[in-house]
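Contents: one structure, followed by commentary.
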Amino acid sequence: MRVTNSMLISNLKKNINMGLRRMERVHNEMSSGKRFSVPSDDPVGVARSLKLRADLNENRQFKKNAEDALSWLETTETTLMQIKEVLQRARELGVQGANGVLSPEDSQKIAEEAVQLRDHLVSLGNSTYVGKYIFAGYKTDQAPVELDAAGGFNYTGDPGQIMYQVGVSDILQANFTAPEVFSPGGKDLLADMQAYIDSLNTGDFGTVGGMIADFDVHIENVLAKVAEVGAKVNRMELVVNRLEDEKLNFNTLLSRTEDVDMAEVIIRLKSEENVYMAALAGGARIIQPTLVDFLR
Amino acid sequence: MSSFTGLNIVIKGLYAQQRALDVTGHNIANVNTEGYSRQRAVMETARPMQVLGGKGMLGRGVDVQQIERIRNSFLDVKFWGENTVLGEWSSKSQLLGDIEMVFNEPSDAGLNTVIDRFFSALQDLSNGEKASDLTVRETVRQTAIAFTNSLNNMAAQFEKIQTDANFAIETKVKEINSYAQQISELNRQIMKYELDGSNANDLRDRRNLLVDKLSGIADVRTFEDSDGRFRLSIGGRLLVNHVSYNQLALVERDNIQVPVKNPDVDADGLYEVMWDDGMGFEPKGGELKGLLDIRDSIGSPGTYKGVPFYMERLNYFAAEFARAINDIHTAAYDLVDDGYEEPGGDKVYFFTNDITMDSYSDGPPRTQNPIVGQITAKNITISKEIFEDLNRIAVAASYNTVPGDASKGLEMAGLRHQNVFPTYGTPEDFTKSIIAALGVDRQEAIRMSDNQTILVNQTDTLRMSTSGVSIDEEMANMVKFQHSYNAAARLITAMDEMIDTLVNRMGLVGR
């Protein structure tokens, strides 16, 4: 084949340009640390990376939900424990009052304390978590526990369930409504309290003694609820752990999909650099001399 | 046979070598001229003279019979064919690159991220006690605005790519028209110069160069008849017919005289390319075809996937996404006490196509304004109600369960995993599949244009191998012709001496 000067030069330019382009591509990978920057670099890889990113985002959201659920559950647990303590104190007072050796003044003092305990129970029933009533079902904006005219329990909330989604199909109900705590099986805690106060006031020690068993029922109920909350806390902690593990997995997969192997890229850059240098050096030799240089 | 016959022979030689040196000089001068093909003086022995008496023929020296250019027209045709394909794919790969930039994936700012954030905010709102929390509602509103804004922005960018392609088409059409004029003018000149049978080498080179350029823009076919009349067609119709030429015209689509190609998708004022007599023009290759494909093709079977395809998909996405959210949202109840119980939901749209329009004509019972049917990526926005009042975001399943109930919100957040888009799947699947398809298409375009670049370069190298000027060769020729010239000159000296001897030195014998 006949070789002409313009052929040599245009081939040289092409080769140098190609070398530069390859170097630029490798350098891009190196400086961004990513295997691809646009879908056409690797359509399959990009699709996978989009999926993994979405999974990661969702994972983050689920973890946040689970943590929110945990703090809701912890508030509930604390409140229930306090209710239990109030009930226990009321029971102790009941044991004291049932002795029948108390003067009317003493039993009235106990009755006064019992009134305080009852009011405390009402305010515990109206506990809030970040400004929302926790025992009110969906009516989170109004106090759910009221005393009716007879001193009994009046619920103004609804049976709404407060839900936390912590997985694609993993939804946790986190709340108890006030009736579940204050009138288990229709047994009205506040009405019992009122009867107890009334009996103390009238010095009806027999009734007071009989009510200790009622308190036991209520304490047992609250304890059962505490246990349920505890179990849910455990479940949420497990969920958080699982989500942490998943996050690690997703991140590993994402890194494997997107990230470059630095050592490999540097070696490739080096070899592209060699090719480029060689093209330049060869070019410098090949385009210089012509016959002109040797004719005298 | 006179004494001067020899001198004549030598002078012919001198002339011929001089002419050959001129051609060499022309070659060297044009070593870097684009499209130049090297020339050669073709020498031939002059008509010999019969020597009387059956003694044979006496040579009468040399003539330059013609100056020819060295060119292989087969390589030209091959080059034009490959260059047409290259033009098409390189403009496609470039424009698809622009489309890729619009999608901006993978990144933390692409459509997918924005959708993710919107769903996350919805889920945040739907979890636990947060249904009435104004800061969380604000997040939902802001992420929704970010979502609609990025759709609006993408639609605007697609429109820009389309109008940019339109501008490029306008430029290319003008180039074609100008080339047609120039080629026909060259045809006229070539015809004139070649009337006496000579070769208009340099003019032909210039015509070839123009066809080279034209072949990148559209598919060219050329034909030269035995009388030297040159015809050139593009898109299957004559552009240049010897000394006359046709022109292409650009007609703005207005749906009155020229129908808009992709209604609901195309930008305004796109040009339809046609012949100036009104016949349709359809290039089968070249940059112009690449540009037209990207600007016009909606990706129906048998056509390319251009900007209209992605716009149409994006519009579909916006409309279906809005419909899915709205279906749930209109049937849910918001925090605003309307003073009466609205059966079947509060009927507030989440997304509409017009932020100034109410979701419903006043009730009770409310009836919805039928505006959501026309939602596109370009006009999607959150509804007026939600824009004005955060409490209008409706997530409760019943009038009675506000404010704590967020079961409808959970349902909306759950759309992330629902097959909202038939045959595509979830919203994420939809965007993912579009982006992957785009990636594959651009990859193909890049591969095609890379391959074609190699083919075009190869063909061009072959052309240069045949037609290019080699300085070494020209130098060698120069020395060769110079020596021949010197030798001929020396012969004249010899002749001169012979005649000198004859004329001046003849002695006076015996005188």
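Labels below follow one simple rule: chain letters A, B, ... track the order of the sequence lines, proteins then strands, and each chain is numbered from 1.
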* Asked: In terms of heavy-atom proximity below 4.5 Å to chain A, should Ala476(B) be classed as side chain, backbone, both, or neither?
  -> both
* Asked: Going by distance alone, is a donor N or O of one side chain under 3.5 Å from an acceptor N or O of the other, for Ser126(B) and Gln165(A)?
  -> no
* Structure fact -> Looking only at Leu438(B), Ile446(B), Asn400(B), the option with the highest number of non-hydrogen pairs under 4.5 Å against chain A is Asn400(B)
* Asked: Any idea which of Lys130(B), Gln443(B), Glu444(B) has the most non-hydrogen atom pairs under 4.5 angstrom with chain A?
  -> Gln443(B)
* Structure fact -> Per-residue tally against chain B (heavy atom, under 4.5 Å) across Val3(A), Val292(A), Ile171(A) peaks at Val292(A)
* Structure fact -> Heavy atoms of Tyr164(A) and Asn127(B) approach each other most closely as CA-OD1, 2.9 Å
* Asked: How far does CE of Met478(B) sit from CG of Leu295(A), to the nearest 0.5 angstrom?
  -> 5.5 Å
* Asked: What do you reckon, is CD of Gln142(A) surrounded by more than 12 foreign heavy atoms closer than 6.0 Å?
  -> yes
* Among residues 12-28 of chain A, which residues come closer than 4.5 Å to chain B, judged by heavy atom distances? -> Lys14(A), Arg21(A)
* Kindly determine whether Asp108(B) and Arg53(A) satisfy side-chain contact (heavy atoms from CB on, under 4.5 Å), including the steps that lead there. => CA-CA 9 Å; Asp108(B) 291 328; Arg53(A) 276 161 191 261; 2.9 Å; yes
* Check the pair Gln161(A), Asp405(B) against side-chain contact (heavy atoms from CB on, under 4.5 Å), reporting the backbone distance first and the verdict last. => CA-CA 8 Å; Gln161(A) 303 180 330; Asp405(B) 179 18; over 6 Å; no
* So what's closer than 4.5 Å to chain A heavy atoms on Thr453(B): side chain, backbone, both or neither? -> neither
* Proximal component of Asp68(A), with respect to chain B [non-hydrogen, under 4.5 Å] -> side chain
* Residue, of Arg463(B), Arg442(B), Gln123(B), that accumulates the most heavy atom pairs under 4.5 Å with chain A -> Gln123(B)
* Structure fact -> One option among Asp124(B), Val440(B), Leu410(B), Ile435(B) has the most heavy-atom pairs under 4.5 Å with chain A, and it is Asp124(B)
* Out of curiosity, Glu58(A) CD to Arg416(B) CZ, how far, rounded to the nearest 0.5 Å? -> 4.5 Å
* Check each atom of Val166(A) against the heavy atoms of chain B and say whether the ones under 4.5 Å are side chain, backbone, both or neither. => neither
* **Toward chain B, the part of Ser6(A) with a non-hydrogen atom under 4.5 Å** => both
* Asked: Are the side chain of Arg2(A) and the backbone N or O of Gly468(B) linked by a donor-acceptor pair below 3.5 Å?
  -> yes
* Of the backbone (N, CA, C, O) and the side chain (C-beta and beyond), which part of Ala47(A) lies under 4.5 Å from a heavy atom of chain B, both, or neither? -> both
* **Met7(A) side, atom CE; Asn457(B) side, atom CG - distance, nearest 0.5 Å** => 12.0 Å
* To do: For Arg313(B), look at atom CZ and say whether over 12 heavy atoms of other residues, nucleotides or ligands are found less than 6.0 Å away.
  => yes
* Structure fact -> Okay, Ile134(A) and chain B: the region with an atom under 4.5 Å from a heavy atom over there is neither
* Asked: How many angstroms lie between CD1 in Ile99(B) and OG in Ser40(A), if you round to the nearest 0.5 Å?
  -> 11.5 Å
* Please state whether the side chain, the backbone, both or neither of Ala54(A) comes within less than 4.5 Å of a heavy atom of chain B. => both
* **Pairwise side-chain contact, Val38(A) with Glu105(B), heavy-atom cut-off 4.5 Å (strictly under)** => no
* Proximity breakdown for Ile115(B) and chain A, heavy-atom pairs closer than 4.5 Å -> neither
* To do: Could you tell me which portion of Val46(A) (side chain, backbone, both or neither) has an atom closer than 4.5 angstrom to a non-hydrogen atom of chain B?
  => side chain
* **Winner by heavy-atom pair count (cut-off under 4.5 Å) against chain B, out of Ala174(A), Gly45(A), Pro43(A)** => Pro43(A)
* Structure fact -> Residue from Val31(B), Asp116(B), Leu96(B) scoring the most non-hydrogen pairs under 4.5 Å with chain A is Asp116(B)
* Pick whichever of Ile162(A), Thr140(A), Asn65(A) has the most heavy-atom pairs under 4.5 Å with chain B. => Asn65(A)
* Structure fact -> Scored by heavy-atom pairs under 4.5 Å with chain A, the best of Gly97(B), Gly404(B), Ser107(B) is Gly404(B)
* **Any Lys51(A) side-chain heavy atom under 4.5 Å of Asp429(B) side chain** => no
* **Point-to-point distance, once rounded to the nearest 0.5 Å, from CG of Asp293(A) to CE of Met475(B)** => 10.0 Å
* Run the numbers on Leu291(A) and Glu474(B) for side-chain contact (heavy atoms from CB on, under 4.5 Å), then give the verdict. => CA-CA 9 Å; Leu291(A) 194 51; Glu474(B) 298 303 325; over 6 Å; no
* Asked: What part of Asp133(B) is in contact with chain A, defined as an atom under 4.5 angstrom from a non-hydrogen atom: side chain, backbone, both or neither?
  -> both
* To do: Provide the closest heavy-atom pair for Pro106(B) versus Ser49(A) in the form atom of the first, atom of the second, distance.
  => CB-OG, 3.9 Å
* **Contacting region of Asn175(A) [heavy-atom separation from chain B under 4.5 Å]** => neither
* To do: For Ser132(B) and Lys132(A), run side-chain contact (heavy atoms from CB on, under 4.5 Å): C-alpha distance rounded to whole Å, both residues' side-chain angles, the deciding distance at 0.1 Å, then the answer.
  => CA-CA 9 Å; Ser132(B) 58; Lys132(A) 306 286 157 61; 3.5 Å; yes
* Identify which part of Asp158(A) has an atom lying under 4.5 Å from any heavy atom of chain B, answering side chain, backbone, both or neither. => side chain
* Does Thr431(B) reach the side chain of Leu50(A), with side-chain heavy atoms less than 4.5 Å apart? -> no
* Any side-chain heavy atom of Ser470(B) sitting closer than 4.5 Å to one from Asn5(A)? -> yes
* Asked: Under 6.0 Å from the CZ atom of Arg40(B), do we count more than 12 heavy atoms belonging to anything else shown?
  -> no
* Which region of Lys139(A), side chain (C-beta onward) or backbone (N, CA, C, O), has a non-hydrogen atom less than 4.5 Å from a non-hydrogen atom of chain B, or is it both or neither? -> both
* Roughly how far, to the nearest 0.5 Å, is CD of Glu129(B) from CE of Met163(A)? -> 14.5 Å
* Can you tell which part of Ser93(B) gets under 4.5 Å to a heavy atom of chain A, answering side chain, backbone, both or neither? => neither
